[in-house]
Number of protein chains: 4
Amino acid sequence: MSTTSVASPESNDVARSRRDEILSIAAQQFAERGVASTTVRDIGSAAGILSGSLYHHFESKEQMVAELLLPVMQRQVGHYRELADGSSAAAETLRALIKVAVAEAAQTPSETRMFRNDAQSFSEMPTLQPVTDLLVEAAKLWASVIERGIADGEFREGVDARLVVAAMFDAVLSTTRWFSGKRPQSPVRVGDALADLFLGGLLRASST
Amino acid sequence: MSTTSVASPESNDVARSRRDEILSIAAQQFAERGVASTTVRDIGSAAGILSGSLYHHFESKEQMVAELLLPVMQRQVGHYRELADGSSAAAETLRALIKVAVAEAAQTPSETRMFRNDAQSFSEMPTLQPVTDLLVEAAKLWASVIERGIADGEFREGVDARLVVAAMFDAVLSTTRWFSGKRPQSPVRVGDALADLFLGGLLRASST
Amino acid sequence: MSTTSVASPESNDVARSRRDEILSIAAQQFAERGVASTTVRDIGSAAGILSGSLYHHFESKEQMVAELLLPVMQRQVGHYRELADGSSAAAETLRALIKVAVAEAAQTPSETRMFRNDAQSFSEMPTLQPVTDLLVEAAKLWASVIERGIADGEFREGVDARLVVAAMFDAVLSTTRWFSGKRPQSPVRVGDALADLFLGGLLRASST
Amino acid sequence: MSTTSVASPESNDVARSRRDEILSIAAQQFAERGVASTTVRDIGSAAGILSGSLYHHFESKEQMVAELLLPVMQRQVGHYRELADGSSAAAETLRALIKVAVAEAAQTPSETRMFRNDAQSFSEMPTLQPVTDLLVEAAKLWASVIERGIADGEFREGVDARLVVAAMFDAVLSTTRWFSGKRPQSPVRVGDALADLFLGGLLRASST
DNA sequence: TATGAATGAGAGTTCATTCAT
DNA sequence: GATGAATGAACTCTCATTCAT
């Protein structure tokens, strides 16, 4: 049941099933109000349906969340694995990681906001264990790249890899705010700006 | 139980009232589960009291939140104003901002986690308007410092001040995780690490 | 259970909806215990339902009250307007007013008891403003008839119209007690008796 | 305990005890909001005291009600007994009953409003049984006078004594509204107006 | 597929009352 | 006499979920 449907926004070609449609509507609601504060009534009425009818499509509210987040996270970790396994220099790899992460955030803004705001409560939703596992793996992959950079002498010594990864993740998860609103920015530029910031810092290559 | 929790910054040594004690217990619960998911019954039983009895001390759950967050934010913005008004170089000022923010986060970890996780829902709590206003002011103060740095040629050109501030805020609000747990880290070191990261980046000044 | 209760005047024979059924059950409870003292649990269990399920049909307890009283009052004021606008002699008109009021009271005994007992608290229920407005209009219509009677020399001079109207309203609202119990009386007779009393008084007309 | 304190407003001479003071404050609250809707907190804060402190003076909220209403009703029934036992003509007696009832209502407006609005709920307050008994006796005394008047040929035949008594009581209990406000009226005049109305009716005696 | 009625647990809050100080 | 903290029950209302139709 969970494998047949993929609600991610990129399935845009032709026959988006009603199920997927509902799922993406739910994602928006979850993103706006938070998972806990979004009621099935909210979702139902946004989808033009009664809340009880949602249960013909999904087993539970929690399952909707899982079904939204798992594929997104799977794809992301897939990218990270490939990049982290590559042989490029650490700085180059890290820049690629940041850019792909921002690109994914831009493509799945609702899910990204859910990660940002609701990850804390995932531990209380057993169904989300696989998602949490992937989140942990993602963090490890990023950290390994940074540690490699330090070992290679590419990055400064004394850098705390875990702290840096946390800062980067937080930053990436918050980029969704730049992709909508009055002056939406290009994901590519935001990704570059973030990579520049974390790699080179604010200061001029003072080196002057 | 009462001596280990320090939540309201203004509480001086002498006679921590029962009220303050309950408040700091509530802060912990809010931090752990999120404001919306923390029930007054949770707070009551953590305080060894019936939920109804909370209303002897507080008018509502929302008021507890406001009473927790407002003084914390007020003090923080107070610091930011002073620093932003100073005449130091932008980089130096920014470093000071980051360090004081991290120090405050370390001193009020529960409230900081509430800011991190629940700020999204503040708009639905009318009582929290003043808090939201202060948050906005804080962001503006930080941004002004960055803009000054760019204008002065201290910081790289092309930097998006708002994006950078958002990244910094996110990073600061997430530092609480380092101050507890198995290997608690020193707020000073974490502050320095963060300042180094955002000012100098990961790369070796190698630029050499 | 459903066939014995007739509360909402507009209910015609065919398909009394569950909603109307619940409403008339609520009316009975409100009449017996007073609105404030009737709990939604009372209503629910009288209707063979859980209290929470009431909210599938109604937005709030207050809305139930409004939905009960407004149509009753609207119909009554409709009658009063017609009668007051008529060209009959004041005494005749007043007799008609009293009789129709008593007839309505007999048809909607629960709602009438609610008016008698709970009108005082209507001011605290914003939803009931329209009902209150109609009550005021009703009193004015009755008073205008009495004033006309005085002006025409039909009624005694020196009569305080407002005081008399208040007495009549009180009397009418209390007639419900005669329509049930061991020896239920005919609304027509009660209406006549009341009209006789207020128009002719207790004394034998002859007495002079 | 109940015999030592008399809270009725006429005890104005010198040392109104705190107890009596509180009692009369409670009476006002009860009159304004109804007994059920008046909280002990309301009473306390109107008396400048904490709600818990009320229990140093009274055993319960219900006891306060009883202590307010019983003496008022006792005195009233005392008057009614005397008048009903007298040898005056029925009409004269009835006029006296109405006038004394209105006078009492004017002297104890809060208690009178309580009778008007809360009598329905007395059955649920065991302590008020004596009050209810007196109410019943009062009604019987009035009815006996009316029946005598009919028997004597003084009053119209066919009059329903109980219905008339009910109408009179309702009217009397509602007179409190005329004794306060912008243009307070004299109790004597209101009593006369009511007696005129019920004895002579609205129509000109001339009608012949 | 959807509706509409209902469940049952639990939410925040209120309130009469108690009692140590 | 009064305070202030607490109780315990009850309140209105919400919500995820179920199920006959």
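Here is the naming used below: chain letters follow the sequence lines, and residue numbers restart at 1 for every chain. All values reported here derive from a predicted model rather than from experimental measurement.
- F:dG1 atom C1' lies 9 Å from atom CD1 of D:I22, rounded to whole Å.
- Within the nucleic acid shown, B:L54 has no heavy atom closer than 4.0 Å to any nucleic acid atom.
- Between A:K61 atom NZ and F:dT14 atom C1' there is a gap of 12 Å when expressed in whole angstrom units.
- Considering only the side chain of D:R41, E:dC15 comes nearest among E:dT17, E:dC15, F:dA2.
- Sparse packing is recorded around CD of C:E59, with 12 or fewer heavy atoms of other residues, nucleotides or ligands lying under 6.0 Å away.
- For B:R18 and F:dA6, the shortest distance from a side-chain N or O to OP1 or OP2 is below 4.0 Å.
- Comparing atom distances between the A:T39 side chain and each of E:dT7, F:dC15, F:dA2 picks out F:dC15 as nearest.
- B:I49 has its CD1 atom 16 Å from the P atom of F:dG4, to the nearest Å.
- Within the structure, a side-chain polar atom (N or O) of D:S53 is placed less than 4.0 Å from OP1 or OP2 of F:dT3.
- Atom pair D:Q63:CD and E:dT18:C1' shows a separation of 16 Å (rounding to whole Å applied).
- Here the P atom of nucleotide F:dC11 and the CE atom of C:M64 are 15 Å apart, to the nearest Å.
- Between A:H56 and A:R18, every side-chain heavy-atom pair lies at or beyond the 4.5 Å cut-off.
- Among the heavy atoms of the strands lying under 4.0 Å from D:T38 are primed sugar atoms or P, OP1, OP2 only; no base atom is included.
- Put simply, the residue from A:V131, A:L135, A:T127 that forms a side chain to side chain contact (heavy atoms under 4.5 Å, CB included) with A:L69 is A:V131.
- Counting heavy atoms from C-beta on, the side chains of A:V35 and A:E62 never come closer than 4.5 Å.
- Between B:R33 atom CZ and E:dA11 atom P there is a gap of 10 Å when expressed in whole angstrom units.
- Here the closest non-hydrogen pair linking B:M64 and B:L23 is O-CD1, 3.9 Å.
- Here the P atom of nucleotide F:dG4 and the CZ atom of B:F58 are 15 Å apart, to the nearest Å.
- One finds the CD1 atom of D:I49 at 14.0 Å from the CZ atom of D:R41 (value rounded to the nearest 0.5 Å).
- Figure legend. F:dT21 is base-paired to E:dA2; pairs are counted as Watson-Crick or G-U wobble with both atom distances under 3.5 Å.
- Between C:D42 atom CG and F:dA9 atom P the separation is 18 Å, expressed in whole Å.
- B:L50 comes within 4.0 angstrom of a base, heavy atoms only.
- Listed candidates were F:dC13, F:dT18, E:dT17. Nearest to the side chain of C:Y55 is F:dC13.
- Contact annotation for C:S51: base contact, defined as any heavy-atom pair under 4.0 Å involving a base atom.
- F:dT21 and E:dT1 have their C1' atoms separated by 13 Å, with the value rounded to a whole Å.
- Heavy-atom nearest nucleotides on DNA chain F were determined for B:H57 and for C:S37, and the one closer to the 5' end corresponds to B:H57.
- Which of E:dA5, F:dA2, F:dC15 sits closest to the side chain of C:H56 comes down to E:dA5.
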